[in-house]
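These notes are about the structure you will find just below.
It should be emphasised that the depicted structure is a prediction, and the values quoted were computed from it without experimental measurement. Both backbone and side-chain heavy atoms feed into the values below; hydrogens, waters and symmetry mates do not.
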Amino acid sequence: MTEPTHDQAHGGALGTRLNWLRAAVLGANDGIVSTAGLVVGVAGATDDRSALLTAGLAGLLAGSMSMAAGEYVSVSTQRDSEKAALDIEKRELREQPEEELKELTGLLEDRGLTREVAREAAVQLTERDALKAHARVELGIDPEALTNPWHAAGASFVAFTVGALLPLLAIVLPGTDWRLPVTVVSVVVALVLTGWSSALLGRAEPGRAVLRNAGGGVLAMGVTYAAGSLLDAAGV
């Protein structure tokens with residue numbers, strides 16, 4: 001049986017790294033948009049630096065914790081499902097090894113191998129590590145690389161926080177007259193970069209991704225600023 005090439009052996013690892021990078025970019029993007037919308041909305045109602053800082057920090061902490069908790073629950077559920085599937089596979093390998101060998105042979109045939117080659121490959125894979133072979137070919141799972149929910153939660157927390165810091169600092173550091181324009185320009189530039197990065201990682205057309213990303217952020221800031229201004233005008 002032909003051994004996998006260096007590129008093939010590392011293909012799964014590369015895909016995992018790209019998924020993590022994409023998740024980090026999207027998490028940062030969420031932090032930018034949600035926090036920018038919040039602080040710009042408050043800026044429409046007041047120019048008090050303390051109020052802006054309080055609102056921005058509250059949004060940053062609430063958003064980052066929400067993202068982390070959501071990612072933890074999601075990945076934990078996925079991990080539990082994968083472990084349950086692996087437990088079933090272990091039992092089937094123990095109770096009906098011949099049937100599992102036939103199943104693996106059929107799966108390899110479906111991938112383009114001849115019956116004879118598929119049978120030989122299935123036998124060799126089973127002798128080497130039956131569970132790993134069935135997990136990868138049948139379930140699409142690498143039993144040695146299950147996603148850690150704590151790692152996923154931490155990554156989401158950090159990505160959202162990094163993204164949220166930009167509009168927060170942009171709204172509280174400049175003087176009163178410059179706060180809004182500095183924030184809007186900074187956010188738009190950041191969204192252009194995250195939109196371009198996400199398109200690059202997903203091998204998509206960057207122009208559309210950038211326009212969608214920046215346009216959505218501008219719309220969010222415009223809506224919240226208008227709402228804050230109306231509340232201020234109403235004396236609320």
Side-chain angles (χ1 to χ4, degrees), residues 18-71 74 152-236:
L18 288 177
N19 286 335
W20 277 103
L21 285 172
R22 190 178 298 111
V25 169
L26 294 176
N29 191 78
D30 287 342
I32 295 169
V33 174
S34 60
T35 306
L38 178 61
V39 296
V40 168
V42 175
T46 179
D47 59 2
D48 182 70
R49 191 188 302 268
S50 296
L52 293 169
L53 179 60
T54 300
L57 281 175
L60 183 155
L61 291 173
S64 59
M65 292 301 296
S66 176
M67 288 284 291
E71 194 69 12
S74 174
S156 293
F157 181 90
V158 171
F160 187 96
T161 300
V162 169
L165 281 173
L166 174 68
L168 175 58
L169 295 176
I171 202 74
V172 299
L173 292 182
T176 303
D177 294 337
W178 287 97
R179 285 175 185 164
L180 196 59
V182 167
T183 301
V184 171
V185 171
S186 300
V187 167
V188 170
V189 171
L191 291 177
V192 167
L193 291 176
T194 56
W196 180 82
S197 299
S198 62
L200 182 65
L201 291 170
R203 297 181 180 180
E205 171 58 41
R208 292 182 179 179
V210 166
L211 287 175
R212 284 196 302 264
N213 217 35
V218 170
L219 178 62
M221 289 187 290
V223 170
T224 56
Y225 183 78
S229 298
L230 288 174
L231 290 174
D232 181 47
V236 177

Could you go through F160 and S66, starting from their C-alpha distance and side-chain angles, then the distance that decides it, and tell me whether this counts as side chain to side chain contact (heavy atoms under 4.5 Å, CB included)? CA-CA 10 Å; F160 187 96; S66 176; over 6 Å; no
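Under the 3.5 Å distance criterion, the side-chain polar atoms of R179 are matched with a main-chain donor or acceptor of D47. At least one donor-acceptor pair under 3.5 Å links the side chain of T224 to the backbone N or O of M221. Under the 3.5 Å distance criterion, the side-chain polar atoms of S74 are left unmatched by any main-chain donor or acceptor of G70. At least one donor-acceptor pair under 3.5 Å links the side chain of S64 to the backbone N or O of L61. A donor-acceptor pair under 3.5 Å is formed between the side chain of T183 and the backbone N or O of A170.
To the nearest 0.5 Å, atoms CZ (R208) and CG (N213) are separated by 15.5 Å. Here the CZ atom belonging to R212 is positioned 15.0 Å from the CG atom belonging to L219, to the nearest 0.5 angstrom. Interatomic distance, CG of D30 versus OG1 of T35, reported as 9.5 Å (0.5 Å rounding). One distance of note links CE of M67 with CG of L26; it measures 8.5 Å at 0.5 Å rounding.
The minimum heavy-atom distance between A190 and L166, with the atom names listed, is CB-CD2, 3.2 Å. For Y225 against G44, the heavy-atom pair with the smallest separation is CE1-CA, 3.4 Å. Closest of all the heavy-atom pairs between G163 and I32 is O-CG1, 3.3 Å. Between P206 and A199, the closest heavy-atom pair is CA-CB, 3.6 Å. Closest approach of G59 to L38, counting heavy atoms only: CA-CD2, 3.6 Å. Smallest separation of non-hydrogen atoms from A209 and G195: CB-O, 3.6 Å.
L180 pairs in a side chain to side chain contact (heavy atoms under 4.5 Å, CB included) with only one of the listed residues (V39, V40, V185), which is V40. Looking at L191, V192, T194, L193 one by one, the single match for side chain to side chain contact (heavy atoms under 4.5 Å, CB included) with V210 turns out to be V192.
Counting heavy atoms from C-beta outward, L53 and L168 have side chains that approach closer than 4.5 Å.
The side chain to side chain contact (heavy atoms under 4.5 Å, CB included) check on T46 picks up V42, D48, A51, with sequence neighbours excluded.
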